[in-house]
Protein chains: 2
Amino acid sequence: MAVDTSLSERKLIILKAIIQNYLETGEPVGSRTLSKYTELNLSSATIRNEMADLEDLGYIFQPHTSAGRIPSDKGYRLYVDMLMEEKEQEITDREDAMLEKADKVEKVLQQAAKVLASNTNYATMVSAPINSRNTLKFIQLSQVDAEQIVAVIVLGGNVIKNKIIEVGETLSNENLLKLNMLLNTTLNGMSIDQITLGLIARLKEQAGIHSEVVGHVLDAVAEIIHVEDDMKIYTSGATNIFKYPELSDKQSAQEIISAFEEKQQLEDLVTETLASENNHGIQVYIGDETPVKTMKDCSVVTATYELGEGMKGTIGIIGPKRMNYEHVMKTLKTLQSELDAIYNKNPKE
Amino acid sequence: MAVDTSLSERKLIILKAIIQNYLETGEPVGSRTLSKYTELNLSSATIRNEMADLEDLGYIFQPHTSAGRIPSDKGYRLYVDMLMEEKEQEITDREDAMLEKADKVEKVLQQAAKVLASNTNYATMVSAPINSRNTLKFIQLSQVDAEQIVAVIVLGGNVIKNKIIEVGETLSNENLLKLNMLLNTTLNGMSIDQITLGLIARLKEQAGIHSEVVGHVLDAVAEIIHVEDDMKIYTSGATNIFKYPELSDKQSAQEIISAFEEKQQLEDLVTETLASENNHGIQVYIGDETPVKTMKDCSVVTATYELGEGMKGTIGIIGPKRMNYEHVMKTLKTLQSELDAIYNKNPKE
DNA sequence: TATTAGCACTCCCTTCTTTTGAGTGCTAAC
DNA sequence: GTTAGCACTCAAAAGAAGGGAGTGCTAATA
């Protein structure tokens with residue numbers, strides 16, 4: 001993303017002033033307003049000339065003739081990339097902790113979304129981390145009754161998966177014991193990715209192909225391990241978009257809120273964010289840049305957090321393009337490090 | 001709910017015509033329209049007289065002078081009551097199956113909400129059944145590593161609960177085995193309600209009070225069993241309310257959709273529905289009758305379904321007062337029996 | 001050459017007025 | 001008891017008028 005250096009210092013100042021003003025008021029910004037707002041002591045006429053240039057260059061535009069200017073996507077992009085007051089060094093003055101510890105990951109994430117929403121007044125989402133690079137810590141099959149076996153699998157970070165396996169034929173206690181031994185010795189410490197179908201096939205051989213039941217059970221185990229838990233996404237503040245007239249006409253509101261209700265599109269957003277290079281930083285999608293078409297009139301800011309063992313999740317904020325980028329990014333960073341803190345201090349709670 | 005018999009036959013016909021017409025159009029209904037709409041061949045003037053009476057009796061009202069009439073809550077109530085009496089026997093003509101089988105309860109319920117929403121064009125919710133009267137089928141503690149034990153509990157309907165228990169001190173294999181025996185023999189077949197703290201205390205004695213670890217583990221087990229899984233509620237079609245102008249101004253829309261996002265109020269609704277007497281039927285709340293104040297401008301129709309073993313859940317539809325009650329109630333009944341069918345045919349899948 | 005004052009022009013928004021039309025209530029006739 | 005007829009009401013739609021914020025352009029100024 002090369003910075004366009006063709007803009008004069010003065011144009012940059014004016015552009016910045018336009019954007020900041022527009023972020024505050026939500027109204028198109030006129031030349032007279034600017035001539036007071038900026039410290040360059042210029043008349044409105046001069047500023048008008050500069051504005052005309054900025055418009056030609058595509059950074060701002062008029063919603064209609066005889067209105068002030070508002071930033072275009074390109075303008076916002078420039079602003080986010082270089083004009084924003086960088087608070088980089090100020091991460092030290094951490095805000096008060098926002099999150100309370102809770103014993104269930106689920107609760108924490110739901111709360112994170114909520115806090116974020118009330119903190120920013122935008123719509124927010126938090127995705128639960130995905131397990132595929134997680135490792136297996138423990139596995140056990142137990143007989144529930146003659147026809148049911150329950151399989152329990154403990155992964156790193158104390159994630160537990162389980163399922164009931166229906167078996168036609170009773171498995172002897174002895175065989176079950178053997179199977180448990182075999183599974184634990186073989187699979188322990190492996191990551192989910194590593195447990196391939198080939199490996200399972202080899203296990204079947206070792207366990208004795210003669211038994212159909214065993215084969216069936218092993219297949220089921222493989223399935224449990226691999227069934228991607230569908231991505232859990234927690235949302236909050238979807239109705240915040242009603243606070244922004246540019247998003248709250250029926251059409252847009254319905255689309256955006258639907259996206260939050262159905263979650264499918266948010267999943268896409270998460271996938272995209274996790275796939276993107278810029279992984280530890282914060283990602284800003286302005287308007288059409290967004291991976292999710294429903295949000296092409298919004299800005300979307302996302303961050304990735306990590307719970308160790310390669311388990312990554314995403315935090316996202318969706319709001320109008322005239323979003324308070326500075327505040328949002330700062331808040332995201334804070335939350336990011338709080339999540340880190342919570343989960344690295346007591347990974348075993 | 002006794003039907004007000006003080007209304008003449010003719011008034012009833014007119015009222016019904018007014019309501020049906022209003023349900024279709026959403027516009028106030030005038031006397032001229034009615035004089036064509038009804039088969040009683042009456043002039044608009046006559047109908048006007050009857051309408052004036054109906055207004056005095058509180059069944060209809062004018063949004064403003066010189067407008068047609070709109071049903072009042074009382075009017076809707078009469079209509080719904082009448083409707084229910086009429087249709088009682090017609091449950092036989094089942095519609096096509098709407099639900100697909102799925103192995104996870106979660107999926108089925110989510111899908112149920114979705115189907116219902118697209119079928120009715122209202123906002124819908126389905127609450128997952130609550131387990132408190134469910135019985136314990138199987139319990140097992142297993143050593144994950146030196147400091148962790150995983151407890152797995154299988155309940156009726158194949159509901160599985162589990163948790164990792166942190167222990168300071170390693171529990172010997174032998175002791176664990178004993179404990180498992182004890183737990184299974186004692187608790188098997190009991191309902192969650194029956195497993196009291198007193199019972200746990202007695203268990204502790206039997207297991208040998210001397211061991212602190214054992215005490216700790218038993219406490220943890222009790223906790224797992226009793227921790228009320230917070231009520232899971234699946235929603236769909238919240239944005240359908242945008243289809244009804246009377247609900248889709250920003251204020252109402254925001255309130256209703258928030259209720260769907262936060263879920264708290266929906267929980268209240270479920271609680272209320274489950275507590276109500278009329279348990280196997282269908283409940284209709286019109287306007288102010290609703291247990292949830294946010295929905296005082298809506299009608300709410302709920303039904304209870306049962307998954308055996310006393311596990312009850314609720315299905316609900318939220319829409320404008322001029323809801324198509326007939327269709328909604330029919331659809332709810334169908335869904336109710338479909339849920340029954342799915343879970344009683346194959347309780348073990 | 002860069003800046004500014006001045007002015008005509010554009011177009012949105014608000015407010016006010018007018019028109020239209022659906023619907024009512026009442027009265028008098030059938 | 002029913003109906004035709006008529007005056008009246010009121011919301012919503014359609015114009016009409018004025019105000020105001022803002023622009024682009026030109027000509028004067030430093």
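Chain A is the first sequence line, chain B the second, and so forth, proteins listed ahead of strands; every chain is numbered from 1.
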task: Starting from P on C:dC11, measure out to CD on A:Glu27 and report it in whole angstrom.
output: 20 Å

- request: For A:Pro28 and for B:Leu42, find the nucleotide of DNA chain D with the closest heavy atom, then tell me which residue's nucleotide is more 5'.
  value: B:Leu42

field: Distance-only polar pair, side chains of A:Ser43 and A:Thr46, donor-acceptor under 3.5 Å
entry: yes

B:Asn49 CG to C:dA28 P, straight-line distance once rounded to whole Å: 15 Å

query: Is the distance from OP1 or OP2 of D:dG22 to the nearest side-chain N or O of A:Arg69 less than 4.0 Å?
result: no

Side-chain N or O of A:Thr46 closer than 4.0 Å to phosphate OP1/OP2 of C:dT4: yes

Integer-rounded Å distance: D:dA4 P and B:Asn41 CG: 12 Å

field: Protein-nucleotide distance (B:Leu34, atom CG; C:dA22, atom P), rounded to Å
entry: 16 Å

message: Under a 3.5 Å cutoff, is there a donor and acceptor pairing between the side chains of A:Glu24 and A:Gln20?
response: no

statement: With the side chain defined as heavy atoms from C-beta on, A:Arg10 is closest, among D:dT3, C:dT3, D:dT23, to C:dT3

- request: Give the nucleotide from the list D:dT9, C:dA5, C:dT24 with an atom nearest to the side chain of B:Ser31.
  value: C:dT24

query: Out of D:dT23, D:dT3, C:dT24, which nucleotide sits closest to the side chain of B:Gln62?
result: C:dT24

statement: Ranking B:Ser44 and A:Met51 by the position along DNA chain D of their nearest nucleotide, the one closer to 5' is B:Ser44

task: Identify the two heavy atoms, one from A:Gly319 and one from A:Tyr122, that lie closest to each other, and give their separation to 0.1 Å.
output: CA-CD2, 3.9 Å

- prompt: Would B:Thr302 and B:Thr314 satisfy side-chain hydrogen bond (donor to acceptor under 3.5 Å, both in side chains), going step by step from the backbone distance to the final call?
  reply: CA-CA 7 Å; B:Thr302 59; B:Thr314 301; over 6 Å; no

message: Do the side chains of A:Asp73 and A:Arg77 get close enough for a salt bridge, i.e. N-O under 4.0 angstrom?
response: no

- request: Calculate the interatomic distance between A:Phe61 atom CZ and D:dG24 atom P; express it in whole Å.
  value: 15 Å

query: Rounded to whole angstrom units, what separation is found between the CD1 atom of B:Ile47 and the P atom of D:dG1?
result: 17 Å

query: B:Glu50 has an atom CD; how far is it from atom C1' of C:dG23, in whole Å?
result: 18 Å

message: Taking the side chain as everything from C-beta on, heavy atoms only, tell me whether B:Leu23 gets closer than 4.5 Å to B:Tyr76.
response: yes

query: Below 4.0 angstrom from OP1 or OP2 of D:dC10, is there any side-chain N or O of B:Ser66?
result: no

task: Output yes when at least one side-chain N/O atom of B:Thr65 is less than 4.0 Å from OP1 or OP2 of D:dC10, else no.
output: yes

query: Given C:dC12, D:dA11, D:dT23, which nucleotide is nearest the side-chain atoms of B:His64?
result: D:dA11

- request: Describe the nucleic acid contact of B:Ala67 in one word from base, sugar-phosphate, nothing, applying a heavy-atom distance below 4.0 Å.
  value: sugar-phosphate

field: D:dC6 phosphate, OP1 or OP2, under 4.0 Å from B:Arg48 side-chain N/O
entry: no

message: Among D:dT23, C:dT4, C:dT24, which nucleotide has an atom closest to any side-chain atom of A:Ser43?
response: C:dT4

task: Mind calculating the distance between CD1 (A:Ile70) and C1' (C:dC12) to the nearest angstrom?
output: 14 Å

